[in-house]
Amino acid sequence: MTTMYSKPALPETWAATALPETVTTKGGVVFDPRPDVWEYRDGLTRVCLDFTELPVTEGLLTSFKATLTWYAANRAPGYLISVFTEFHTFVEDLYDLTDSPLTVITGTDVLNQRSALGYRMKQVASVLRKWASLQHPGLAADVITILDKIRTKCPETGVAVMTLDPTLGPFSPIEQAGIQDALNEAYGARSIGEEAFLLAWLFIALGARPVQIAAMKVCDVSLTVAPDGSETYLIQVPRAKQRNASPRDELKARPLVSQLGRPLYAYAQKVRARFSGRLADAGQAPLFPVEPKHESAFNAPGWAQFHRNPEGLRSTLKTGLDKLNVLSERTGEPLNITPIRFRRTFGTNAAQEGHGVLVIAELLDHSGTESAGVYVAATPELAGRIEKAIALHMAPLAQAFK
């Protein structure tokens, strides 16, 4: 049952904090921050922040909203949602300790929640530091002092890759072959649609994040025919960086083999024809648009018009590939097929082919090399496991010949 909190009236000491009538997000969306529910679509992201269940006084709520308006105007919508979610957990846990709405946040509150939240405390710390820098009331004087003294551990990265997790880590070579063979056979038998087929192959070939593929447009797929008749296919991949207002602010060209480029280009032309006359430039149609029956919900103006969101693409991929019923030789169960596993497989394959961290970071479009280093570090471990597995089969033969 959802608990509704009755917030005390706004104290006089909080009168200096006033919310603006409108806020313009980094993506150009204008919304009113004064209601207790913020709901709008910013690019590919649906933002829905419900403040009604926050166990805080009206004054603290006003300051929190005022702080979040900065994140709405200066950060990607996904980051806004993330900091709201972690702060919500922070104050909910404090409410459980005191059983009364929070009036002010103290250094003791930070220390009490440091262990409970773990690495997620970094998001809360980000909000509190910005809160203090904007000079909104509601923070005790010792909050920043405490934050300066404590260290928040970062989450462990690359565990699924390093351990070859059979449900979350990279696919094994046998699993990869099984997915690709089943995918081709299913498409040939028309048991999987063209959209799901091409979507799966893009994840396999690019190792991209769902948000990157969700942001693709018809014009991103290009064909160049040389004088000798040879064809070159390219796809512009949105970089989808958090610091940008739009995932399409930066694009990176990737070549496609003709076996994928040719059908993908033909598919893109079909989508272009579908939106001809409906958009001023049909080339700006999304590469993977929403289904016609859902178009009204995604008909908002802006660059993301008719674009499916990342969650929608994940659902399309999973629904399509679950039909393949590919079994894992490691678990004996149907494979858990998700976009992140294709990405981890892409990075693992690159490392096994001898590429260094700089190349892998470039291929996976990482801003740094820390995450890419996991794949290189995992390579000797993979080789050791292969040698051990081979040794178990070769030892009896070696003994026989000895």
Side-chain angles (χ1 to χ4, degrees), residues 44 46 171 175-223 231 233-238 247 254 256-279 282-299 304-328 334-343 345-346:
L44 298 172
R46 178 178 176 269
F171 297 116
E175 290 168 348
Q176 293 176 58
I179 293 172
Q180 294 173 16
D181 289 344
L183 187 60
N184 291 335
E185 290 174 7
Y187 182 60
R190 298 190 178 184
S191 59
I192 186 173
E194 181 182 36
E195 182 184 66
F197 174 76
L198 293 173
L199 180 63
W201 270 110
L202 270 184
F203 276 116
I204 293 171
L206 300 176
R209 308 176 186 90
V211 65
Q212 293 176 282
I213 296 181
M216 289 178 178
K217 292 183 176 291
V218 166
C219 61
D220 293 332
V221 185
S222 62
L223 162 64
E231 299 176 340
Y233 295 92
L234 290 177
I235 186 166
Q236 299 288 339
V237 181
R254 294 292 193 203
L256 295 173
V257 295
S258 59
Q259 291 91 334
L260 174 58
R262 188 174 293 113
L264 184 65
Y265 182 78
Y267 163 81
Q269 301 317 300
K270 294 178 187 176
V271 177
R272 182 191 293 267
R274 170 181 161 186
F275 286 93
S276 179
R278 301 178 62 192
L279 294 175
Q284 295 300 308
L287 188 59
F288 295 100
V290 294
E291 297 177 4
K293 62 182 179 180
H294 296 145
E295 282 186 359
S296 60
F298 293 84
N299 196 22
Q305 188 176 22
F306 301 119
H307 277 258
R308 196 171 304 184
N309 57 32
E311 291 72 26
L313 280 189
R314 289 190 187 95
S315 177
T316 299
L317 180 74
K318 188 164 183 60
T319 300
L321 297 192
D322 280 351
K323 299 176 182 178
L324 304 181
N325 198 32
V326 181
L327 299 181
S328 168
L335 279 174
N336 174 38
I337 302 179
T338 60
I340 189 62
R341 296 198 70 187
F342 284 123
R343 184 169 173 80
T345 301
F346 186 89

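Predicted model, so just to flag it, every value in this text is computed and none were measured.
Counting only heavy atoms from C-beta outward, the side chains of L313 and I213 approach each other to under 4.5 Å. Here the side chains of R46 and N309 are not in contact, with every heavy-atom distance at 4.5 Å or above. Counting heavy atoms from C-beta on, the side chains of L264 and Y233 never come closer than 4.5 Å. At least one side-chain heavy atom of W201 sits under 4.5 Å from a side-chain heavy atom of N184. Counting heavy atoms from C-beta outward, K217 and H307 have side chains that approach closer than 4.5 Å. Contact of the F275 side chain with the V218 side chain is not registered, since no non-hydrogen atoms from C-beta on lie closer than 4.5 Å. Two residues are said to be in side-chain contact when any heavy atoms from C-beta on lie closer than 4.5 Å; Y265 and L256 fail this criterion. Side-chain contact between L260 and L198 is present, with heavy atoms from C-beta onward closer than 4.5 Å.
The shortest non-hydrogen separation linking L183 to A200 is CD2-CB, 3.7 Å. Minimum heavy-atom separation, P247 to L44: CG-CD1, 4.3 Å. When all heavy atoms are compared, the tightest approach of P286 to V271 is O-CG1, 3.3 Å. Contact detail for Q284 and C219: the closest heavy-atom pair is NE2-SG, 3.7 Å. Between S258 and P263, the shortest heavy-atom contact is O-CD, 3.8 Å. Closest heavy-atom contact between F171 and T345: N-OG1, 2.8 Å.
Atoms OG1 and CD1, from T319 and I337 in turn, are 11.5 Å apart once rounded to the nearest 0.5 Å.
The side-chain hydrogen bond (donor to acceptor under 3.5 Å, both in side chains) test with T316 singles out one residue from E311, E195, R308, E291, and that residue is R308. The one candidate from Q180, R343, Q176 that meets the side-chain contact (heavy atoms from CB on, under 4.5 Å) condition with I204 is Q180.
Judged by distance alone, the side chain of Y187 and the main-chain N or O of A196 form no donor-acceptor pair under 3.5 Å. Without hydrogens or angle criteria, S276 side chain to A282 main chain gives no donor-acceptor distance under 3.5 Å. A donor-acceptor pair under 3.5 Å links the side-chain atoms of R341 to the main chain of N336, judged by distance alone.
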Can you give me every donor-acceptor pair (side chain of residues 320-328, partner residue at least two apart or in another chain, under 3.5 Å) with its distance?
residue: S328; atom: OG; partner: E175; partner atom: OE2; Å: 2.5
residue: S328; atom: OG; partner: R330; partner atom: N; Å: 3.0
residue: S328; atom: OG; partner: T331; partner atom: N; Å: 3.4

| message | Using the rule given for side-chain contact (heavy atoms from CB on, under 4.5 Å), can you reason through Q212 versus L206, listing the C-alpha separation, both sets of side-chain angles and the distance that settles it, and then say yes or no? | response | CA-CA 10 Å; Q212 293 176 282; L206 300 176; over 6 Å; no
